[in-house]
Each structure stands twice: as C-alpha cells, then as structure tokens.
Amino acid sequence: MEKLNFACAWGYGDIRQSWSGTNYGLYSHLQKYYEVENVNTGIFHRGWLTFPLRVARKLHHVFCGDDMEVLRMRMANRFVRTPGATLQFDECPAVHGDERHYIYQDLSVDYVLKMATSLPDVFAHSSYKHIQMPRIKARARMQNAFYAKAAGIFTMGKWLVKELEEDRNISVKDKVHHVGGVST
C-alpha cells in the first residue's frame, strides 16, 4: 500500500470533531486505500515540550491580533517535514524539493481578500471582518506561494475551482479539482 501523509492541525479534544468531522472523515476513508501517516501540524497542542511555543503564540495573538494562523504555520514549517505524498488543509507543512503536496480547501484567502476589497457588505458579515488587511494580504501571499508548488488543489465547492482558475494572483491551471465535501 502506498504511504500518504495526512497533515492536519487537529486542535484540542476529539479529533473526530475537528472541522465538523471533515478532517477525520477524510482521514478514516483514506485509510482504506493508503497507509496513512497522521502528521499533527497543530504543534501547540503537544503537551509540556511545546509550552514555550504556546506562550509565544498566545502573546503574539494578544499583542498583534489574529494573524490567520501565519505564526503557527511558520513555526511548524521549521519542524514538520513530510517526505512523499501529503494531503493537508493549510500551508503547513511547506513543500521541499520534489515532494507531492495536495491541499483540500473550502475557501481561498484570495477570496477573503476579494470580499474585503470588492464585496465590503459581504465581508462585514464574515468571520474575517476583525482581521487587519495587512494580515489578510500576508496570509494570501503565503497561500499563493504554496499553491504554486502544490501538486494539486482539491476544493469542496465548484465555485472555488472557478475563482482559483480566474484569480490573477496565482497560476493553478490543471491542478485544481472539485471533489466535494466528505461525510463521516
């Protein structure tokens, strides 16, 4: 059986409830076809050894505000390496060399940026309205750089395939695929 790294920031508590069960649904179904290696990119949830990282993250959030997980991903990218094929949900782990990374998305950060600049009434009712524009732009740059190196981008919605293919900030032709949602 081929090995597949499954990189996910599981968070606290029961992993079956992470992201409304979507992550775990994918994880459990993929085990039928692959030897799945669970790679927890939520490095701040790993006990006493990561206590200083959790404190740094909390202080960063208090003094700098919501950074759309950029700090967590940058820190985790220093420690997490996944040789071989990897399915992930954000830009962590980073792509190194000829590794094959695939990302599963329900929304791109460029679309959040588009809402903020072109659809202010929609943005005002979104869960991103409290995030400062420079932070959204920084995360969009990070995500777009990842998209450029990714082997494939899987989306929940067909609309996101169209958005990504028409986005002038990124080049993703022939690597974006609609796969829909996952039920557990």
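One-based numbering along the sequence shown.
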For the side chain of [X] and the backbone of [Y], is there at least one donor-acceptor N/O pair under 3.5 Å apart?
X	Y	value
Thr41	Ala7	no
Lys175	Ala150	yes
His178	Val161	no

Centroid-centroid distance, Trp10 to Phe89, less than 6.0 Å: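 No, ring centres 6.0 Å or more apart.
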Residue pair Val109, Met142: steps toward the side-chain contact (heavy atoms from CB on, under 4.5 Å) verdict: CA-CA 9 Å; Val109 181; Met142 184 179 198; over 6 Å; no
pair Thr155-Val176: side-chain heavy atoms closer than 4.5 Å: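 In contact.
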Close side-chain approach of Thr86 to Val39, heavy-atom, < 4.5 Å: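 Contact flag for Thr86/Val39 side chains = no.
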Rounded distance (nearest 0.5 Å) linking atom [atom1] of [X] with atom [atom2] of [Y]:
X	Y	atom1	atom2	result
Cys92	His101	SG	NE2	10.0 Å
Tyr24	His29	OH	NE2	10.0 Å
Gln105	Gln143	CD	CD	5.0 Å
Leu4	Leu30	CG	CG	6.0 Å
Phe146	Gln88	CZ	CD	3.5 Å
Asp110	Asn144	CG	CG	4.0 Å

Heavy-atom closest pair, residues Asp106 and Trp159: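 For Asp106 versus Trp159, the nearest heavy atoms are O-CZ2, 3.7 Å.
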Closest heavy-atom pair and its distance - Ser108, Tyr147: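 So the minimum-distance heavy-atom pair works out to CB-OH, 3.7 Å.
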Salt bridge (Lys or Arg N to Asp or Glu O under 4.0 Å) contacts touching residues 124-133 (sequence neighbours left out):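 Residue pairs passing salt bridge (Lys or Arg N to Asp or Glu O under 4.0 Å), neighbours aside: none found.
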Sequence neighbours excluded, every pair satisfying salt bridge (Lys or Arg N to Asp or Glu O under 4.0 Å) that has a member inside residues 88-104: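 The answer is Glu2-Arg100, Arg72-Asp90, Glu91-Arg139.
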Shared hydrophobic cluster, Val36 / Met1 (ILVMFWY, side-chain heavy atoms < 4.5 Å):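 The answer is no; the residues belong to distinct hydrophobic clusters.
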Worked check of side-chain contact (heavy atoms from CB on, under 4.5 Å) between Phe6 and Thr82: CA-CA 9 Å; Phe6 190 88; Thr82 54; over 6 Å; no
Test side-chain contact (heavy atoms from CB on, under 4.5 Å) applied to Phe154 and Val179, Leu160, Leu26, the passing residue: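 When side-chain contact (heavy atoms from CB on, under 4.5 Å) is applied between Phe154 and each of Val179, Leu160, Leu26, only Val179 qualifies.
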Just list the side-chain donor-acceptor pairs under 3.5 Å for residues 112-124, sequence neighbours left out, or say none.
{"from": "Lys114", "atom 1": "NZ", "to": "Glu163", "atom 2": "OE1", "distance (Å)": "3.3"}
{"from": "Lys114", "atom 1": "NZ", "to": "Glu163", "atom 2": "OE2", "distance (Å)": "3.0"}
{"from": "Thr117", "atom 1": "OG1", "to": "Leu113", "atom 2": "O", "distance (Å)": "3.0"}
{"from": "Thr117", "atom 1": "OG1", "to": "Lys114", "atom 2": "O", "distance (Å)": "3.4"}

